[in-house]
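The structure's right below; bear with me while I get my questions together.
Below, chain A is the first sequence line, B the second, and so on; all start at residue 1. Quick note: numbers below take in every heavy atom, side chains included, and nothing from hydrogens, waters or symmetry partners.
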Amino acid sequence: MRISIFLFVLLLPALALAVSVDGWMNVQTGGDSLSPQMGRLDLGGLLKGGNWSLVVHQRFSHEDSTGIVPRILNSYSRTDIDFLIEAGPVSINPDVCWTVDIGDKKPEIVLPGEAGIAYRDGFIRPGLGIEADVSEEIHLFARGLYWNRDLKQEDDYDLAWTETRLIGGVTWDSPWGTSLTVAGLNHKTSSDFIDYEATWSRMDVRVAVQPQSLPVNMFVSGDVTYSAYDGSDFLDHDIADRLTSRVRLMQMVIPSVSVNATFESVIDFDDGITRSACTSAESRIVYRFMRSRDITSAIVVFGKLSRSSIRTERAGVFSRINLYRGLSFLFDAEAHVTPTSVTGAGPDRKRYVFGPGFEYQFGNTARIWGIIEQERTNLEKNQNWWRFRAGLEFYPGYFNI
Amino acid sequence: MTRFVKALAVIAAVFILFIACKGPVESTQLLVNTDNCTGCGECMEVCPYNAIEIIEGDAVIDPSLCHFCYRCVEECPEGAIY
């Protein structure tokens with residue numbers, strides 16, 4: 001109680017100053033013949049004072065909880081409350097997040113160590129982050145997170161499942177467009193009821209480069225991270241150390257055409273064996289036209305390939321063509337290949353999705369859209385189905401009190 | 001400038017060809033591309049091992065709990081997990 005009064009008195013001068021209020025809402029619904037009633041509602045609000053801010057984000061979701069067919073839908077609510085106080089070079093960021101699974105049938109969780117099945121009811125996760133700018137170039141950060149998960153077995157015994165994650169590190173931003181980050185992470189999972197405890201830790205050294213002197217309209221950035229792990233996976237094998245490198249390129253070829261490309265390579269160091277663990281490439285070409293109108297029309301063509309222990313491939317086109325004032329015509333077509341866990345569908349699942357839609361934008365305040373798509377996919381056999389997706393985004397703007 | 005763009009295009013084409021021809025390799029962890037992840041949480045919802053959490057707007061996979069069932073890969077609307 002005394003601590004609460006002390007904190008209130010401490011915060012009062014900050015709260016008494018001018019406050020700006022911001023809010024937003026996003027509703028999405030989408031359904032097909034398999035599950036016509038899926039949807040999501042996001043509500044958000046921001047209170048901002050001179051040296052503090054409070055963000056509240058509330059989500060209600062009704063979505064697939066298994067990723068397999070037949071689907072099992074689950075409803076859940078997720079609340080995030082994020083508070084930030086800045087005091088000179090130091091910022092303190094306490095936050096809390098909790099979820100509640102509100103469906104009739106709780107999602108099943110397969111427990112480690114062959115301990116059977118449990119049912120998920122939600123979690124609460126308080127956290128505390130502290131950051132400090134020691135100088136213009138050196139930045140310290142630390143964060144602690146604690147999960148208390150509500151997992152119950154069939155006979156309603158609570159598993160007392162908790163997780164703790166501690167993160168800390170330092171970043172040095174050099175004056176030559178490079179930065180060096182050294183960070184450590186420790187994660188502990190335990191459940192007293194099934195006598196499970198696992199701890200793993202990671203040490204990261206990351207170098208990021210962003211060249212300053214490049215041709216006009218060109219952007220290049222790259223980063224290399226070496227992650228040394230200490231811990232074991234679900235088969236009790238040591239987690240391999242990993243070297244991840246990524247390069248991003250962006251070039252505006254002419255004012256209406258820009259090209260993005262990302263290349264990624266991952267190497268694992270596993271018990272004296274060095275092997276390529278993942279390579280991927282991604283490219284995106286954006287063509288903008290009718291740029292004199294309030295809403296610019298655009299055609300985006302994209303493609304992506306990745307090879308790791310699985311293969312994923314993705315290619316498609318998305319277009320928005322402005323017709324009149326805020327009204328635009330939408331069209332998307334996409335093909336992707338992923339592995340699948342659908343029984344009998346084979347190791348890879350190929351999906352082809354395409355369809356037209358319309359969108360209306362009310363200035364910067366609201367956007368309403370709907371799109372009808374056909375999906376062709378090879379589940380147990382080749383199947384086609386139609387689906388409808390729609391959304392409303394509402395942003396009333398901010399005001400000062 | 002033009003030479004630079006041409007050189008980049010050639011490097012990109014070779015790299016993509018190399019990836020396309022390459023078969024699956026051994027890997028001990030799934031990778032989340034944080035450039036593409038939107039933090040929508042669909043991967044977290046379908047993970048049957050409680051191995052995924054959204055932290056600061058990105059999906060984070062716990063390497064000690066992940067069982068490589070690939071449901072998150074199949075579900076991710078952005079193709080950000082591989």
Side-chain angles (χ1 to χ4, degrees), chain A residues 61 63-68 74 76 78 107-110 112 120 145 147 149 151 161 187 189 198 200 215 229 231-234 237 239-240 242 244 248-249 251 261-264 266 268 270 275-281 283 304-312 314 336 338-341 349, chain B residues 1-2 4-5 8-9 11-31 33-36 40-51 53-57 60 62-82:
Chain A
S61 183
E63 64 184 80
D64 179 26
S65 64
T66 59
I68 56 170
N74 176 48
Y76 73 88
R78 179 180 173 116
E108 286 184 0
I109 298 294
V110 182
R120 198 183 72 194
L145 301 165
W147 286 263
R149 294 191 190 272
L151 289 175
W161 183 290
H187 190 102
T189 306
W200 58 273
Y229 283 87
S232 49
D233 64 13
F234 76 106
H237 295 154
I239 303 169
R242 178 161 270 205
T244 308
R248 302 173 196 84
L249 311 163
Q251 168 76 56
T262 305
F263 305 101
E264 193 171 35
V266 179
D268 275 0
D270 191 5
R275 60 165 173 257
S276 167
C278 179
T279 38
S280 78
S283 180
K304 186 175 183 177
L305 284 171
S306 82
R307 290 288 182 276
S308 58
S309 52
I310 48 172
R311 68 170 185 145
T312 67
R314 194 177 174 90
H336 41 137
T338 61
T340 183
S341 50
R349 175 176 178 177
Chain B
M1 168 68 188
T2 317
F4 183 71
V5 173
L8 283 179
I11 292 167
V14 170
F15 195 83
I16 289 166
L17 200 65
F18 170 71
I19 298 171
C21 296
K22 210 172 158 194
V25 294
E26 273 188 68
S27 174
T28 56
Q29 292 176 61
L30 287 175
L31 188 78
N33 185 331
T34 50
D35 289 352
N36 293 349
C40 69
E42 289 190 28
C43 51
M44 186 176 78
E45 192 60 19
V46 299
C47 178
Y49 300 99
N50 227 359
E53 185 50 64
I54 303 299
I55 299 176
E56 293 176 353
V60 175
D62 186 325
S64 71
L65 290 172
C66 175
H67 280 52
F68 291 89
C69 69
Y70 306 128
R71 282 189 187 168
C72 53
V73 179
E74 193 176 357
E75 197 72 10
C76 179
E78 303 299 326
I81 308 176
Y82 39 87

Contacting region of B:L30 [heavy-atom separation from chain A under 4.5 Å]: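 Contact with chain A is through both the backbone and side chain of B:L30.
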Test applied, side-chain contact (heavy atoms from CB on, under 4.5 Å); reference residue, B:Y82; option that passes from A:T338, A:L305, A:T312: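 Exactly one candidate clears the test, A:T312.
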Min side-chain heavy-atom separation B:Q29-A:V266 under 4.5 Å: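 Side chain of B:Q29 against side chain of A:V266, heavy atoms only: no contact under 4.5 Å found.
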B:E74 vs A:T340, side chain to side chain donor-acceptor pair (under 3.5 Å): CA-CA, chis, key distance, verdict: CA-CA 6 Å; B:E74 193 176 357; A:T340 183; 2.7 Å; yes
Stepwise side chain to side chain contact (heavy atoms under 4.5 Å, CB included) test for B:L31 and A:E264: CA-CA 11 Å; B:L31 188 78; A:E264 193 171 35; 3.6 Å; yes
Test side-chain contact (heavy atoms from CB on, under 4.5 Å) applied to B:V73 and A:S341, A:S306, A:S308, A:P339, the passing residue: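 Checked A:S341, A:S306, A:S308, A:P339 against B:V73; only one passes side-chain contact (heavy atoms from CB on, under 4.5 Å): A:P339.
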Side chain proximity check, B:D62 to A:W200, heavy atoms < 4.5 angstrom: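 Counting from C-beta outward, B:D62 and A:W200 do come under 4.5 Å.
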Worked verdict on A:S309 versus B:Y70 for side chain to side chain contact (heavy atoms under 4.5 Å, CB included): CA-CA 10 Å; A:S309 52; B:Y70 306 128; 3.5 Å; yes
Heavy-atom contact with chain A under 4.5 Å, split by part of B:C66: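 Only the backbone of B:C66 comes within 4.5 Å of chain A.
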B:N33 to A:K304 - nearest heavy-atom pair and separation: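 Scanning both residues completely, I find the closest heavy atoms to be ND2-NZ, 4.4 Å.
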Most contacts with chain B, counted as non-hydrogen pairs under 4.5 angstrom, among A:R349, A:H336, A:R149, A:E108: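 Of A:R349, A:H336, A:R149, A:E108, A:R149 has the most heavy-atom pairs under 4.5 Å with chain B.
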Flag side-chain contact, heavy atom, 4.5 Å: A:R78 against B:I54: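 In contact.
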Shortest non-hydrogen contact from B:E75 toward A:D64: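 The pair with the smallest heavy-atom distance is OE2-OD2, 3.8 Å.
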Contacts of type salt bridge (Lys or Arg N to Asp or Glu O under 4.0 Å), residue B:E56, not counting sequence neighbours: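 Result, salt bridge (Lys or Arg N to Asp or Glu O under 4.0 Å) vs B:E56: A:R143.
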Residue A:I109 versus chain B: region with a heavy atom under 4.5 Å: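 Both backbone and side chain of A:I109 come within 4.5 Å of chain B.
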Best-contacting candidate, A:E63, A:H237, A:R314, A:R248, against chain B by heavy atom pairs under 4.5 angstrom: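 Top count of heavy-atom pairs under 4.5 Å with chain B: A:R314.
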Between A:P107, A:S232, A:S280, A:A240, the one whose heavy-atom pairs under 4.5 Å with chain B are most numerous: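 So the answer, after comparing A:P107, A:S232, A:S280, A:A240, is A:S280.
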Side-chain touch A:V110/B:H67, heavy atoms, less than 4.5 angstrom: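 Side-chain contact under 4.5 Å: no.
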Contact origin within A:D268 toward chain B - heavy atom pairs under 4.5 Å: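 Contact with chain B involves the side chain of A:D268 alone.
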Per-residue contact mode, A:P112 against chain B (heavy atom under 4.5 angstrom):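 The side chain, not the backbone.
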Under 4.5 Å from any heavy atom of chain B - which part of A:H187: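 For A:H187, side-chain heavy atoms alone lie under 4.5 Å from chain B.
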Could you pull out all donor-acceptor pairs under 3.5 Å where a side-chain atom in residues 42-51 of chain B meets a protein atom, sequence neighbours excluded?
unit_1 : atom_1 : unit_2 : atom_2 : d
B:E45  : OE1    : A:R120 : NH2    : 3.0
B:E45  : OE2    : A:N74  : ND2    : 2.8
B:E45  : OE2    : A:R120 : NH2    : 3.1

Atom group of A:A261 that falls short of 4.5 Å from chain B, counting heavy atoms: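 Interface part for A:A261: neither.
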A:T189, part contacting chain B, at a heavy-atom distance under 4.5 Å: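 Only the side chain of A:T189 comes within 4.5 Å of chain B.
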